[in-house]
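In what follows, a structure is listed as structure tokens, so that the remarks can point back to it.
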Amino acid sequence: MRLSRYFLPILRETPKEAEIVSHRLMLRAGMMRQEAAGIYAFLPLGLRVLKKIEQIVREEQNRSGAIEILMPTMQSADLWRESGRYDAYGKEMLRIKDRHERDMLYGPTNEEMVTDIFRAYVRSYKDLPLNLYHIQWKFRDEVRPRFGLMRGREFLMKDAYSFDVDQASARHSYNKMFVAYLRTFARLGLRSIPMRADTGPIGGDLSHEFIILASTGESEVFCHKDYLDFAVPDANVNFDDVAGIQTIVEKWTSLYAATDEMHDTAVFQNIPVDRQVSARGIEVGHIFYFGTKYSAPMKAVVATPDGKEVPVHSGSYGIGPSRLVAAIIEASHDEAGIIWPEPVAPFRAMVLNLKQGAAETDAASEQIYGALSELGVETLYHDLDDRPGAKFATADLIGVPWQIMVGPRSLAEGKVEVKHRTSGEKELMSVAAAIGRLGGAGTAR
RNA sequence: CGGGGCGUAGCGCAGCCCGGUAGCGCAUCUGCUUUGGGAGCAGAGGGUCGCAGGUUCGAAUCCUGCCGCCCCGACCA
């Protein structure tokens, strides 16, 4: 992509409404624009990141055996009256009347709808387990939206819903999501820690929040330091291995980890002091087993082997891809701007022509840009007539992992400079070497 | 929902107290010079001063009402 043909409205100054770093950087980097309180439009750069996150989330859901569907944003109030939540949900639900005065709502979540889909088609235990998920915009009319995408009113959510014949098999469905979440966040460049969450009236121990540590996190969290070194299950993990999956979950829940509302000071203090982590965290995922809460009132039942009908046992599992855009920035930035983990970077490389209009730099820049594009490397070519300093600042701000500086100084020796955004390391190399470095398969290091 | 703050050009702000018809920096456009960490000079364009009433000869400025946005707290992917 040539910057001269792109739509990247960089802001030099920070809009005053932006308080936290991810919000400031997203606005400055031209990733999004606020349209109303808690409601944002995604601009090209932001959309690229959002789509990458979404795709990683999707791949890991699929790997675990979940099946993608797409439910609408608008729902009929009748479904919610069946579950009793139409009245219970309160003001956070955006209620709308259509032209026929029918009560509609903009979905804040989809338990009712997915249960309706399930009960329409599934009748037998033989069709279970089943896990249906979708990635769709949600609306919750928050009392107080804030912090940009971190707590918006309209947000993208991946929500999965599992259906099992009994609680024992529901536990395995829960565990599969648990492991899928560990993998998902790791692939996004984040270290997530599952923390016991309040299960409310349902009870039991099957609810976890996945928290990433960031100094600007919303809530205070406490955990054992060893979690930071635990190995995340690799791509070959067998999701059908009930015992194996259970072992992973047990390992990842063996040590202390709690958000402030579940915090037990006495237990925490039993951890050796040098292993205690007291920090701030951002909730990026939440998994929950809720049994027959919706299947019972909504009559989502299946026949068991002995011919009886029982309500299915369900759980729901959420990840907020739009919040993750902000969360990743919170966890990965410096004074100059964003530092994208490679898997979610909007572009992999950026070519900076330090003397636009000069024959040598133009030719070398075009050569590199053309070659990388040919190799399928997502490359942004800064071909505007800006001064070098401005181009450096832009590149650092938008956080592209690899910068290739093409200037007359190094080019006189036949070389360009390749800078790694994360480490700050710079290396002089020939044009061909730079292309080889970034055009190589997989990582460039 | 309680408390606080802010709405003036795309962004950041001054002007308001003490009423006289809008200004600064950045950005944008033109020209020239410049080109390895947000360039310089010269010129130009761009504003229903959030909205609606009111007071006044005259309102960005004073009064009333409304709307929007942000922050702190209680609640949440």
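Each chain gets a letter, A, B and so on, in the order its sequence line appears, and its residues count up from 1.
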Earlier contact from the 5' end, RNA chain B, for A:Gly407 and A:Gly148:
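Mapping each residue to its closest nucleotide by heavy atoms, the 5'-most match is A:Gly407.
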A:Gln356 or A:Ile319, whichever maps to the more 5' nucleotide of RNA chain B:
A:Gln356
Need the pair for B:G31. Rule: Watson-Crick or G-U wobble, both distances under 3.5 Å, any strand; none if unpaired.
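Here B:G31 is engaged in a pair, and the nucleotide opposite it is B:C41.
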Can you tell me the Watson-Crick or wobble partner of B:U55, both distances under 3.5 angstrom?
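Here B:U55 is not engaged in any pair, so there is no nucleotide opposite it.
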Taking 4.0 Å as the cut-off, does a side-chain nitrogen or oxygen of [X] come that near to OP1 or OP2 on [N]?
{"X": "A:Arg12", "N": "B:A27", "value": "yes"}
{"X": "A:Gln34", "N": "B:C70", "value": "yes"}
{"X": "A:Lys91", "N": "B:C1", "value": "yes"}
{"X": "A:Arg387", "N": "B:G38", "value": "no"}

What about A:Trp137 and A:Phe155, are their ring centers closer than 6.0 Å?
no
Heavy atoms under 4.0 Å, any strand shown: does [X] hit a base, just sugar-phosphate, or nothing?
{"X": "A:Gly337", "answer": "nothing"}
{"X": "A:Ala36", "answer": "sugar-phosphate"}
{"X": "A:Lys391", "answer": "nothing"}
{"X": "A:Asp396", "answer": "base"}
{"X": "A:Leu354", "answer": "base"}

Hey, is A:Glu378 close enough to A:Arg48 for a salt bridge, meaning N to O under 4.0 Å?
yes
Less than 4.0 Å between a side-chain N and a carboxylate O, is that true for A:Arg5 and A:Asp383?
no
Return the nearest nucleotide to the side chain of [X]; candidates are [options].
{"X": "A:Phe392", "options": "B:C71, B:G37, B:C6", "result": "B:G37"}
{"X": "A:Glu17", "options": "B:C72, B:C26, B:C70", "result": "B:C70"}
{"X": "A:Glu13", "options": "B:C13, B:C69, B:G25", "result": "B:G25"}
{"X": "A:Val143", "options": "B:G38, B:C1, B:A77", "result": "B:C1"}
{"X": "A:Lys426", "options": "B:G38, B:G37, B:C71", "result": "B:G37"}

Verify, without hydrogens or angle tests, whether A:Lys391 (side chain) and A:Asn353 (backbone) share a donor-acceptor contact under 3.5 angstrom.
yes
Ignoring hydrogens and angles, tell me if any N or O in the side chain of A:Tyr317 forms a donor-acceptor pair with the backbone of A:Tyr133 under 3.5 Å.
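Such a contact is absent between A:Tyr317 side chain and A:Tyr133 backbone.
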Pair of N/O donor and acceptor under 3.5 Å linking B:G38 base with A:Asp386 side chain:
no
Is any side-chain N or O of A:Arg144 under 3.5 Å from a base N or O of B:G3, one able to act as donor and the other as acceptor?
no
